[in-house]
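Order of appearance sets the numbers: ligands from 1, and atoms from 1 within every ligand.
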Amino acid sequence: MENKIPAAELEARLGYKKTNFYEKADEATVKAAYDYAKGYMAYLDTAKTEREAVTVSIEMAEKEGYIPYTFGMELTVGGKYYYNNRGRNLYLFRIGSESINNGIRIVASHVDVPRIDVKQSPLYEDSGMAFFKTHYYGGIRKYQWVTIPLALHGVVVKADGEVVNVCIGEDPTDPVIYINDLLPHLAQDQSQKPLGKAIPAESLNLLMGTRPYPDCESNAIRLNVLALLNEKYGITEEDFLSADLSAVPADKARDVGLDRSLIGAYGHDDRVCAYPSMTALFGTDDATHTAMVILADKEEIGSEGNTGMQTELLTDLISEITTALGGNFSTVKANSKCLSSDVAACFDPNFPEVFERRNTAMLNCGVAMSKYTGHGGKSGTNDAPAEFVAWVRKIMADAGVVWQAGELGKTDQGGGGTVAKFIAKHNIETVDLGVPVISMHAPFEVVSKADVYTAHQAFEAFFKA
Ligand code: MN
Ligand code: MN
């Protein structure tokens, strides 16, 4: 037992523990993270729906020299392209100098967010108030959406194809809309109900107005709302049949905490990965690899439809790119690598009972890798192979990125999924890597500026490595 290595030294050599960003970062790096947050917060304020996110992202890409791509187009090395899929799903890609057969580096996130969608025949009047009927979108906790200021966003498409953009409630001089809740004095029965049942979906009606149209005998408030909408947007009640309208929180992104270390906002999930994926792509102009950023739609409802990640558009685009550059389609897919960048659940000391502390993402410990998601028994997940996890580990270590591993919560406590499995199924190496979020899917979610910055650093390392 001579010459035993001192325990502290052995622990340092053999043990592993997460790194906190603030333990490692110098003053300049912390400032860089705080500065980075400003651009992200501006993005959040202008991109509350997937359509707005795609529009703003195209503006950002065009400033960086990205041009619209159409199928069959010639592609050149160093060329920067974007494919706008129906205004709700965006592909950005840059052609690298190496052979396309080496594969594509893909970062895929989603830009749809849980919200309150407006039904097709929404407008009615009852007891002196006019309302819109709604059908919520994604995994919301309904009790969080009552009694907060809401804005109406979206498009109404007239029968002749004219697209009318609607946005009410974002300008400080705009009115907002609202969902009523019961006063506590009369909530005795409601308060006894389980949280998930206290606010029924069909009571999530948007309060649109209370003033009657003059000299109108019945439903005068309803008619007045129609008159106001027609005056502002030139639409009629029938036009609601072909509309994508959503109520979203009217708040803007704000610093949270006295040290301003956090960002509170609507829609971190998943713009907090979408925005860094773009800044990382734009920041690596010298890359040899062909790189792609995907901003997907409909992740929150299962990645369905022709703008969700289950569409064949990804493979169509890879096929087109491969053909244009003289590669082999199967080889390109087999050699492609993807970071499915979606948010992770952040450990919350207020609810320790649902988390497994050793395997949950901790705040300020960097972007979190989820080797697997899914439900009890890893059902429905792309469980990334150790080989690919090791590869990602190495590029993060080489770039000095603070990152951590983290799964959703306790086994059998619940679960969730991402776009990872819909990309992996094309024979593309894929793993989940995203920013930890507090109060995920709430109208006002919270993330750490440090963690957001590490996402940008991680994606940049991925595109470069
Ligand atoms: Mn998400
Ligand atoms: Mn989500």
Trainee: Answer with yes or no whether the side chains of Asn84 and Tyr69 bring together a donor and an acceptor at under 3.5 Å.
Mentor: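 The criterion, which ignores hydrogens and geometry beyond distance, is not satisfied for Asn84 and Tyr69.
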Trainee: Go through the side-chain N and O atoms of Thr381 and Asp383 and say whether any donor and acceptor fall under 3.5 Å apart.
Mentor: no
Trainee: According to the interplanar angle, ranging from 0 to 90°, do the rings of Phe132 and Phe240 count as parallel (below 30°), tilted (30 to 60°) or perpendicular (above 60°)?
Mentor: perpendicular
Trainee: Can you name the N/O/S atom of His441 that is nearest the Mn ion (ligand 2)?
Mentor: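 Nearest N/O/S atom: NE2.
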Trainee: Any side chain to side chain donor-acceptor pair (under 3.5 Å) involving residues 453-465? Give me the pairs, sequence neighbours left out, ordered by first then second residue.
Mentor: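 Matches after skipping sequence neighbours: Thr279-His456.
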Trainee: For Ser341 versus Cys273, what's the shortest heavy-atom pair and its separation?
Mentor: O-CB, 3.2 Å
Trainee: With a cut-off of 2.8 Å, how many protein N, O or S atoms neighbour the Mn ion (ligand 1)?
Mentor: 4
Trainee: Taking atom NZ as the centre, does Lys193 end up with more than 12 heavy-atom neighbours from other residues, nucleotides or ligands that are less than 6.0 angstrom away?
Mentor: yes
